[in-house]
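Throughout, numbering of the chain's residues begins at 1 and tracks the sequence. All ligand and atom numbering here is 1-based and tracks the order in the structure.
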Amino acid sequence: MVFSMCPRSKHYPVVIKMTAIVFVLFIFLLFISSCNHESNGKLVNSSTVHKIPEWFKDGKFGMFIHWGPYSVLGGEWNGKKLKQGENAEWIMNTFQIPVNEYRKIAKTFNPTGFNARQWVRLAKQTGMKYLVITSKHHDGFAMYHSHVSDYNIVDYTPFKRDPLKEIAEACAEEGIKFCVYYSHREDWEQPYAYGNTWDFDSSQTNLDVMDHPELFRKYLDRKVIPQLKELLTGYGPVGLVWFDRGMYTQEQGMEFVNLVHSLQPECLVNGRVGHYDKELLGDYQSMTDNGMPIGGIEEYWETPQTLNDTWGYSKNDQHWKRPEDIIKRLVSIVSNGGNYLLNIGPTGEGIIPDSSLSILAEVGKWMQKNSESIYGASPSPFPYEMPWGYCTRKDNLLYLHIFNWPKDGTIKLKGLNNKIKRSYMLVKPSEELSFNKQDGWLIRLPKEAVDPVNSVLVVETDGEPDVDPMIVKQLKNEPVLLDYLSASTHGRAVKRFNRKGETGNFHISKMQGPDDYIEWHVEVTTPGIYKVDITYAAIPGWENADYLVDSGKEKIKASVKSTTGWYEYKTERIGEFTLKKTGEYVFRIYPGHETDHYLMYFNSIKLVPAP
Ligand code: GLC
């Protein structure tokens with residue numbers, strides 16, 4: 001920088017050379033740092049997680065669209081029907097429809113009822129801020145004009161139009177972020193991709209792709225990468241790319257993260273891009289399908305959810321959620337710090353089913369009056385669940401979402417140490433409600449709920465809400481469990497989601513030094529000696545780092561043992577505490593010294609009364 005400011009100096013050529021060297025070095029370092037995400041347990045992912053943009057953080061609510069040749073079948077093929085709960089976009093796999101048969105179905109795909117503007121307006125009227133549409137699902141069919149293969153909606157069908165282009169344009173006009181889903185590992189049309197074991201010669205598909213990475217590589221190089229390039233260069237700004245079903249290796253996952261960011265630096269990558277059992281790649285975490293975390297995850301997350309029980313259109317699945325269920329899910333998700341990506345499955349004619357339209361219309365009506373409590377809101381500051389509903393927050397405003405109108409006409413807020421300045425129903429800001437303090441704040445509600453589903457009460461506090469921490473109450477003589485739900489995290493420690501297992505799991509990690517600690521407040525009712533069992537996972541390379549478990553009176557020093565793999569939790573007894581008196585104790589765990597890797601994936605500590 002300094003050099004290039006004096007271009008006319010006589011050292012000009014030297015300056016250029018030096019600048020070039022510095023630049024090359026910079027690129028090299030950038031490359032090294034982005035490759036180093038996993039090796040030897042050092043430097044973990046954080047370089048890949050870039051800033052979450054406002055549209056995503058504040059928007060909270062997005063529309064997912066699953067649409068493709070499977071929509072023509074609507075869950076039925078050759079006289080066979082999918083069972084309730086089976087995903088209609090999986091029909092090719094479920095009935096093992098040969099590629100050639102499925103191609104014939106794709107040939108008939110002619111969604112003349114499709115109207116991009118209507119779909120985008122539907123998202124907008126429902127209060128959604130972004131839209132994610134399947135550009136290629138597992139069946140391998142491109143829903144846009146791809147030049148990589150003619151197996152796409154423009155070249156392969158009588159429809160001849162590019163719906164993604166039309167949707168991208170409508171999104172730009174309506175102020176909705178345009179985003180694409182892309183199935184990168186799974187492709188049932190491709191012999192070298194993952195998934196189609198019924199069609200292709202087993203020497204190609206059934207083989208363990210890890211044993212023949214060069215074949216899988218061919219698929220990536222010939223189809224996936226060129227198609228992603230098309231999507232990221234031909235459709236204007238893309239808000240995010242929604243990858244699915246994970247990858248074989250972290251390196252491959254990283255390749256996609258880098259590809260997206262290099263073509264569109266602002267574009268987000270969801271958390272399903274990398275290996276499911278390893279450290280998160282991508283910019284935010286994707287919950288499992290329809291996943292509803294009960295505790296506050298402290299990294300940004302999104303949960304993809306269905307309106308009935310399937311993503312793609314099914315004639316037979318009438319198991320629709322009610323509008324009130326959707327509103328409840330939305331509020332619960334936002335109060336836990338996440339985004340709600342809600343799916344619709346249009347038909348093969350391009351029509352959105354009436355039931356979906358009427359559910360979304362109701363949700364839209366609620367959003368129209370109450371979206372202030374959703375957009376830009378941060379999670380509930382309260383560490384406990386509310387009997388009447390959920391809490392979201394914006395600065396000094398608490399939004400109390402009342403789903404169960406209390407019979408005694410009062411809302412009780414425990415553990416809020418601030419003074420309340422004002423309280424009113426969101427839809428009636430001029431009618432102030434009365435409140436007073438007893439062992440908590442009592443706010444007197446209007447006689448009747450102001451909304452049939454969720455009436456939002458606003459409580460304005462004097463300054464940042466200051467809320468008591470959660471207290472874990474010991475049942476007499478029982479063990480005490482200290483887990484992520486009852487913990488508070490400090491420094492770099494964060495509560496996180498991981499995809500290990502069917503339903504995923506939660507842990508606390510990113511602790512790298514003594515100031516990164518996890519804390520619990522515990523009310524001990526039975527004094528005595530307690531054995532201390534800790535459950536955690538640590539990958540090879542993380543062993544021998546010291547950590548301390550502190551009861552406020554005593555400290556146990558222990559060192560990390562590798563547990564063979566990512567999120568392979570093991571339990572170990574590390575010592576004992578003598579808790580002499582009943583009453584409140586503060587327990588903490590933290591690294592003994594600075595490390596260049598995370599201490600562990602912490603799961604829980606159990607205090608077990610000694611016999
Ligand atoms: C699953 C399914 C897929 C669907 C996705 C949505 O991974 O395989 O069909 O698109 O979930 O979250």
- Task: List for me each residue that meets side-chain contact (heavy atoms from CB on, under 4.5 Å) alongside E372, sequence neighbours excluded, and say none if there are none.
- Result: K394, L397, Y399, L426
- Query: Within 45 degrees of the axis of the six-membered ring of Y375 and under 6.0 Å from its centre: does K129 put its NZ or CZ there?
  - Reply: yes
- With heavy atoms only and a cut-off of under 4.0 Å, state how R272 meets ligand 1: side chain, backbone, both or neither. side chain
- Query: If you count the atoms of ligand 1 from 1 in the order shown, which ones are under 4.0 Å from a heavy atom of P304?
  - Reply: 12 (O)
- Atoms of ligand 1, numbered as shown, that sit under 4.0 Å from any heavy atom of Y181: 10 (O)
- Can K495 and E299 be counted as an ion pair, charged N to O under 4.0 angstrom? no
- Item | Contact atoms of ligand 1, heavy-atom distance to R245 under 4.0 Å | 7 (O), 8 (O)
- Atoms in ligand 1 flagged as close to E89, the criterion being non-hydrogen separation under 4.0 Å: 3 (C), 4 (C), 9 (O)
- Task: Give the residue, atom name and distance (to 0.1 Å) of the protein heavy atom nearest atom 1 (C) of ligand 1.
- Result: D289 OD2, 3.0 Å
- protein heavy-atom neighbour closest to atom 5 (C) of ligand 1 works out as D244 OD2, 3.3 Å
- Okay, side chain of T306, backbone of W311: is any donor-acceptor separation there less than 3.5 Å? no
- Item | Minimum-distance protein heavy atom relative to atom 10 (O) of ligand 1 | H66 NE2, 2.5 Å
- Item | Sequence-distant partners of N336, side-chain contact (heavy atoms from CB on, under 4.5 Å), two or more places apart | W301, S332
- Query: Are E186 and ligand 1 in contact, using a heavy-atom cut-off of under 4.0 Å?
  - Reply: no
- For atom 8 (O) of ligand 1, what is the nearest protein heavy atom, given as residue, atom name and distance? W90 NE1, 2.8 Å
- Item | Heavy-atom gap W242 to ligand 1 smaller than 4.0 Å | yes
- Query: Quick one: does S314's side chain have a donor or acceptor within less than 3.5 Å of a partner on G75's backbone?
  - Reply: no
- Message: For N454, is there any backbone N or O sitting under 3.5 Å from a side-chain donor or acceptor partner on W366?
- Response: yes
- Note on the structure: H137 heavy atoms within 4.0 Å reach ligand 1 at atoms 3 (C), 4 (C), 9 (O), 10 (O)
- Aromatic ring pairing H147/H145, orientation class (parallel under 30°, perpendicular over 60°, tilted between): tilted
